[in-house]
Undergrad: 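Got a structure here, written out as C-alpha cells. Questions coming.
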Amino acid sequence: MSGRESKPSMEQLAALCKRRGFIFPGSELYGGINGFWDYGPLGTELKRNVREAWWEAMVRLRDDVVGLDSAIIMHPRVWEASGHAEGFTDPMVDCRSCRRRFRVDQLYENLGIELEPGSVADMSLKLPADARCPVCGSRELTEPRAFNLMFRTFVGPVEDDSAAAYLRPETAQGIFVQFHNVLSVSRMKIPFGIAQIGKAFRNEINPRNYTFRSREFEQMELEYFIKPGTDEQWHDYWVEERLKWYRGIGLAGDHLHRYVYGKEELAHYASACVDITYDFPFGAQELEGVAARGDYDLRRHQEYSGKSLEYFDAESGRSYIPHVVEPSAGVDRIILALLCEAYREEWVPREAHAGSRPEIRPVEPGTNPPEGLEKRTVMGFSPRVAPIKVAVFPLLKNRPQLVEKSRRIFEELRQHWTAFWDITGAIGRRYRRQDEAGTPFCITVDFQTLDDDTVTVRDRDTMQQERFTVSELPRVLEQKGLP
RNA sequence: GCGGGAGUAAUUCAGUGGCAGAAUGUCAGCUUCCCAAGCUGAACGUCGCGGGUUCGAGUCCCGUCUCCCGCUCCA
C-alpha cells in the first residue's frame, strides 16, 4: 500500500458525509440497519455523476458497446446456472490456501466416509478429521457454513418453496441471459460489449468499513464478448482502460494499484483476473475486478436453458460460444474512494482580499493553527464528479439589487450545470459551506457588478478570485474545467 | 461469527442515582464592500431501543440494535 499524506479517519469522513448530506445511515430513524446506507442530496448528485462518467466512457463514446437494464429478480434457474445457488442450501467449506470452495459432503466422500442419505444438507455437519483440500491438499480449511448470501423472496402472494426467487447478487447474469436478444437487435459483431448499471444484493456476513461492504449496492458491469483465443489481449486492454477512467474522475494514480491474481487464486474457469484497488484509510481494497471468464457463463446458460448461445462468425464461417472479459465495478466503493481522496483539512488565513493569493498550509495533526490562520475542511472533487459545479452569491443579502442580479446569473448558469444559490449569512461562511460540499467555483455579485457587469469567480482550491463579465461566465467556467 | 470499546441536540462532547447541558453548526432579524466576524432571537432530545432495580435511572442490572477497533470472513 502506498502512502497518502493525511488519511481522513472514517469517523471524520462519516461525520462530514452525514452533516453535509452525502451519506446517511439507512433507516436511522428506527435505530439503523446493518449494511444499508442512503445517499443524501449531495451524495445523490455525486453518484449520478459517477454513473454518467462510466456510461459515457463505456457506452456513449464507443461503437462496440450497448446498454441493458435487466430486472433485479430473475428466474431461479439463472442462479443454478451461474453457480450462485450452490452453497445456498448445502454447507460449504473454503480452502484458505487456494480459495476454492467445496460442499462438505464431498470432503467426506473423498475420505471414503459414507454419509446417511439426507445428511448432505445438514447444517450441523462438521469438518471431517483429516480433511484436506481436494485441489491443493492443504489442511487450511474453514468450518462448514451455509452460504446463503442471496436474499430470498417469493414471487406472488404464496410463500411456498416453489415460488422462491432471489434478489440478484450481481448484475452480470442479466447480460448473459439477454445476450442473444441483444445480439439479434443491435447488429453487433464480435468483439462487442453489453453494459449495465444497477443494484445488486448480498447478505454479507459482516458488513464493514462504512459503505465499503454493504448488503445492497450498485454495480457497473461490462461483459465484453470476444473471439476465443483473444482473451489475454482484451483483458490487458480493459485493465488499462479502466485505470485511465479512474484517474479521469480524480483518483490519484499513486493511490490506484493492480492486484494480479495468482494462478492458484483464480476461479477454475477464469484465465486471468486483476483487481483495481484503491488505498483506502483502512487499506488497499478492491474497486473493480477485471476478469477473463472464458465461455463459462454462456456455456452454463446454454447447458441449463437448453438453448444455443453460439455466435456465427461470418468471417471464419464458424460458430462458437464467445469468450468474455468482465470489468465489474462497485459504484458505492468508487463513491467512498472519491470521498476519501477529496477530504482534506487546511490552515487558511482569517482574512483574504480580492486579487491576492492566500497562503494555504496543510494541517499538522494535533497542533493548533498558527497565528492568523484557521482550519477549513475541503472536499477537493474533480469538477467532473463534483455534486455542485458552481454556486452564486450576492455579497450582501440586504441589497435587493445584488440579490436580484445574483438570482438572474444563477438562473442562467443552472441551464448548463448543477448550480446553487445562497444568500444567507456572511460571504465567508457561504464559501466555507461550498468548500465542504466540494463546489469548484463560487461566483459573487458585488457593488462593482452593478457598474460594469463583472463578477468574482472564486477558486475552491486556491481561494483566489478573478473578475469576469457575466456574459463570458459559461465560456470561462468551461475553460476552468466544468464539464 | 468471536473479543474489546462506544451510543446524550445536526456535529463534537460534558453530565459522580436527584431540574437535560456546553461549544460548534442550522434558521430568522439587524449589521457587514469578500473567506465559519459581531449583536439579538429561535428551533433542535422519549439520553439508541426494550425490560428490570429504585421514592426517583442519562447514570445501576439484563436483553437487544447500531457504530468503531482487532480477529474471522469476503463470488
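Chain letters run A, B, ... following the sequence lines, proteins first, then strands; residues in each count from 1.
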Undergrad: Just checking A:F212 against A:F282, ring centres under 6.0 Å apart?
TA: yes

Undergrad: Enumerate the ring pair (Phe, Tyr, Trp, His ring centres under 6.0 Å) contacts for residues 430-472 of chain A, please, sequence neighbours excluded, ordered by first and then second residue.
TA: A:F393-A:Y431

Undergrad: Using a distance-only criterion (donor-acceptor N/O pair, under 3.5 Å, no hydrogens), is the base of B:A36 paired with the side chain of A:Q434?
TA: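 No.
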
Undergrad: Taking B:C44 as the reference, what is the distance to B:A20 when you measure between their P atoms (whole Å, please)?
TA: 16 Å

Undergrad: On RNA chain B, compare the nucleotides closest to A:P169 and A:R399; which residue's is nearer the 5' end?
TA: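 Closest to the 5' end, via its nearest nucleotide, is A:R399.
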
Undergrad: Of the nucleotides B:A10, B:C33, B:G29, which has the atom closest to the A:R19 side chain?
TA: B:A10

Undergrad: Base, sugar-phosphate, or nothing: which does A:R433 touch, judged by heavy atoms less than 4.0 Å apart?
TA: sugar-phosphate

Undergrad: Below 4.0 angstrom from OP1 or OP2 of B:U32, is there any side-chain N or O of A:K397?
TA: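 For B:U32, OP1/OP2 do not have a side-chain N/O of A:K397 under 4.0 Å.
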
Undergrad: Taking OH from A:Y296 and P from B:A75, how many angstroms apart are they, rounded to a whole number?
TA: 14 Å

Undergrad: Measuring only the C1' atom in each nucleotide, how far is B:G56 from B:A10? A whole number of Å is fine.
TA: 32 Å

Undergrad: Of the options B:G1, B:C34, B:U32, whose atoms approach the side-chain atoms of A:N206 most closely?
TA: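 Of B:G1, B:C34, B:U32, B:G1 is nearest to the side chain of A:N206.
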
Undergrad: Between B:C49 and B:A6, how far apart are the two C1' atoms, rounded to whole Å?
TA: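 Rounded to whole Å, the distance is 16 Å.
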
Undergrad: Rounded to whole angstrom, note down the C1' distance from B:U31 over to B:U16.
TA: 45 Å

Undergrad: Among pairs that include at least one residue of residues 441-450 of chain A, which meet salt bridge (charged side-chain N to carboxylate O under 4.0 Å, His left out), considering only residues two or more places apart or in two chains?
TA: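 Of all non-adjacent pairs touching residues 441-450 of chain A, those that pass salt bridge (charged side-chain N to carboxylate O under 4.0 Å, His left out) are A:D446-A:R467.
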
Undergrad: Roughly, in whole Å, what's the span from CD in A:E28 to P in B:G45?
TA: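 Spelled out: CD on A:E28 to P on B:G45 is 14 Å.
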
Undergrad: Would A:R430 and A:D422 pass as an ion pair if we require N to O under 4.0 Å?
TA: no

Undergrad: Taking a pair as Watson-Crick or G-U wobble with both distances under 3.5 Å, which nucleotide is matched to B:C2?
TA: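 B:C2 is paired, partner B:G70.
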
Undergrad: Using the C1' atom as the reference point in each nucleotide, state the distance between B:G17 and B:C47 in Å, no decimals.
TA: 15 Å

Undergrad: Taking only distance into account, with no hydrogens and no angle test, what donor-acceptor pairs under 3.5 Å do side-chain atoms of residues 202-211 of chain A form with protein atoms, sequence neighbours excluded?
TA:
| unit_1 | atom_1 | unit_2 | atom_2 | d |
| --- | --- | --- | --- | --- |
| A:R202 | NE | A:P169 | O | 2.9 |
| A:R202 | NH2 | A:P169 | O | 3.2 |
| A:N203 | OD1 | A:R215 | NE | 3.3 |

Undergrad: Return the pairing partner of B:G29 with a 3.5 Å limit on both distances, Watson-Crick or G-U wobble; otherwise return none.
TA: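 Across any shown strand, B:G29 pairs with B:C39.
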
Undergrad: Do A:D446 side-chain and B:C34 base share a donor-acceptor contact under 3.5 Å?
TA: yes

Undergrad: Please give, in whole Å, the distance from B:A36 P to A:R432 CZ?
TA: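 It works out to 5 Å between those atoms.
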
Undergrad: In the structure shown, which nucleotide is the Watson-Crick or G-U wobble counterpart of B:A57, with both distances under 3.5 Å?
TA: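 Partner of B:A57: none.
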
Undergrad: Write down the distance separating the C1' atoms in B:G18 and B:C13, rounded off to the nearest Å.
TA: 23 Å

Undergrad: Sort out the partner of B:C47 for me: Watson-Crick or G-U wobble, both distances under 3.5 Å, none otherwise.
TA: none

Undergrad: Output all residues satisfying side chain to side chain donor-acceptor pair (under 3.5 Å) with A:D231, sequence neighbours left out; order by chain, then residue number.
TA: A:H323

Undergrad: One thing to verify: whether A:R433 and A:E436 come together as a salt bridge, which I'm taking to mean a side-chain N less than 4.0 angstrom from a carboxylate O.
TA: no

Undergrad: B:C33, B:U12, B:A28: which one has an atom nearest the side-chain heavy atoms of A:T424?
TA: B:A28

Undergrad: With a cut-off of less than 4.0 Å, is there a side-chain N or O of A:K18 near OP1 or OP2 of B:U11?
TA: yes

Undergrad: Return the value, rounded to whole Å, for the distance between atom CD of A:Q219 and atom C1' of B:A75.
TA: 10 Å

Undergrad: Mind checking the C1' distance from B:G70 to B:U12? Whole angstroms is fine.
TA: 25 Å

Undergrad: Produce the list of close N/O pairs, under 3.5 Å, pairing protein atoms with atoms of nucleotides 37-43 of chain B; give distances to one decimal.
TA:
| unit_1 | atom_1 | unit_2 | atom_2 | d |
| --- | --- | --- | --- | --- |
| B:A37 | OP1 | A:R429 | NH2 | 2.4 |
| B:A37 | OP2 | A:R429 | NH2 | 3.3 |

Undergrad: For A:S406, give me all partners under side chain to side chain donor-acceptor pair (under 3.5 Å), at least two apart in sequence or on another chain.
TA: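 If we apply the side chain to side chain donor-acceptor pair (under 3.5 Å) test to A:S406, skipping adjacent residues, the hits are A:W421.
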
Undergrad: Could you work out which one of B:U72, B:U32, B:A75 sits closest to the side chain of A:L149?
TA: B:A75

Undergrad: Could you check whether A:E436 gets within reach of a base, just the sugar-phosphate, or nothing at all, counting any heavy atom under 4.0 Å?
TA: base

Undergrad: Which atom pairs, donor and acceptor, lie under 3.5 Å between side-chain atoms of residues 70-80 of chain A and protein residues at least two apart or in another chain?
TA:
| unit_1 | atom_1 | unit_2 | atom_2 | d |
| --- | --- | --- | --- | --- |
| A:S70 | OG | A:R168 | NH1 | 3.4 |
| A:S70 | OG | A:Q196 | OE1 | 3.1 |
| A:S70 | OG | A:Q196 | NE2 | 3.1 |
| A:H75 | ND1 | A:R77 | N | 3.0 |
| A:R77 | NH1 | A:E80 | OE1 | 3.3 |
| A:R77 | NH2 | A:Y304 | O | 2.8 |

Undergrad: Please report the distance separating the C1' of B:A42 from the corresponding atom of B:A9, rounded so that it comes out in whole Å.
TA: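 It works out to 14 Å between them.
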
Undergrad: By the salt bridge (charged side-chain N to carboxylate O under 4.0 Å, His left out) test, which pairs, at least two apart or in different chains, include something from residues 287-297 of chain A?
TA: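 Listed by first then second residue: A:R242-A:E288, A:R293-A:D297, A:D295-A:R299.
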
Undergrad: Can you find a heavy atom in the side chain of A:R333 that is under 4.5 Å from one in the side chain of A:Q219?
TA: no

Undergrad: Provide the Watson-Crick or G-U wobble partner of B:A23, both distances under 3.5 Å; none if there is no partner.
TA: B:U11

Undergrad: For A:N398, report the nucleic acid contact type (base, sugar-phosphate, nothing); a contact means any heavy atom under 4.0 Å.
TA: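 Here A:N398 touches the bases of the nucleic acid.
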
Undergrad: Base, sugar-phosphate alone, or nothing: which one does A:E170 contact when heavy atoms must sit under 4.0 Å apart?
TA: nothing

Undergrad: Rounded to the nearest Å, what distance is computed from the CG atom of residue A:L396 to the P atom of nucleotide B:C30?
TA: 12 Å

Undergrad: Tell me which nucleotide among B:U11, B:C34, B:A75 gets nearest to the side chain of A:A15.
TA: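 Closest nucleotide among those given: B:U11.
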
Undergrad: Can you find a heavy atom in the side chain of A:Y39 that is under 4.5 Å from one in the side chain of A:L46?
TA: no

Undergrad: Look for any protein N or O under 3.5 Å of an N or O in nucleotides 62-68 of chain B and output each such pair with its distance, or none.
TA:
| unit_1 | atom_1 | unit_2 | atom_2 | d |
| --- | --- | --- | --- | --- |
| B:U66 | OP1 | A:N34 | N | 3.4 |
| B:U66 | O4' | A:G31 | O | 3.3 |
| B:C67 | OP1 | A:N34 | OD1 | 3.3 |
| B:C67 | OP2 | A:N34 | OD1 | 3.0 |
| B:C67 | OP2 | A:N34 | ND2 | 3.3 |
| B:C68 | OP1 | A:Y210 | N | 3.2 |
| B:C68 | O2' | A:E11 | OE2 | 3.1 |

Undergrad: Determine the contact category for A:S82: base if any of its heavy atoms lies under 4.0 Å from a base atom, sugar-phosphate if only primed atoms, P, OP1 or OP2 are that close, otherwise nothing.
TA: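 Nothing: the residue A:S82, judged by heavy atoms under 4.0 Å, touches no strand.
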
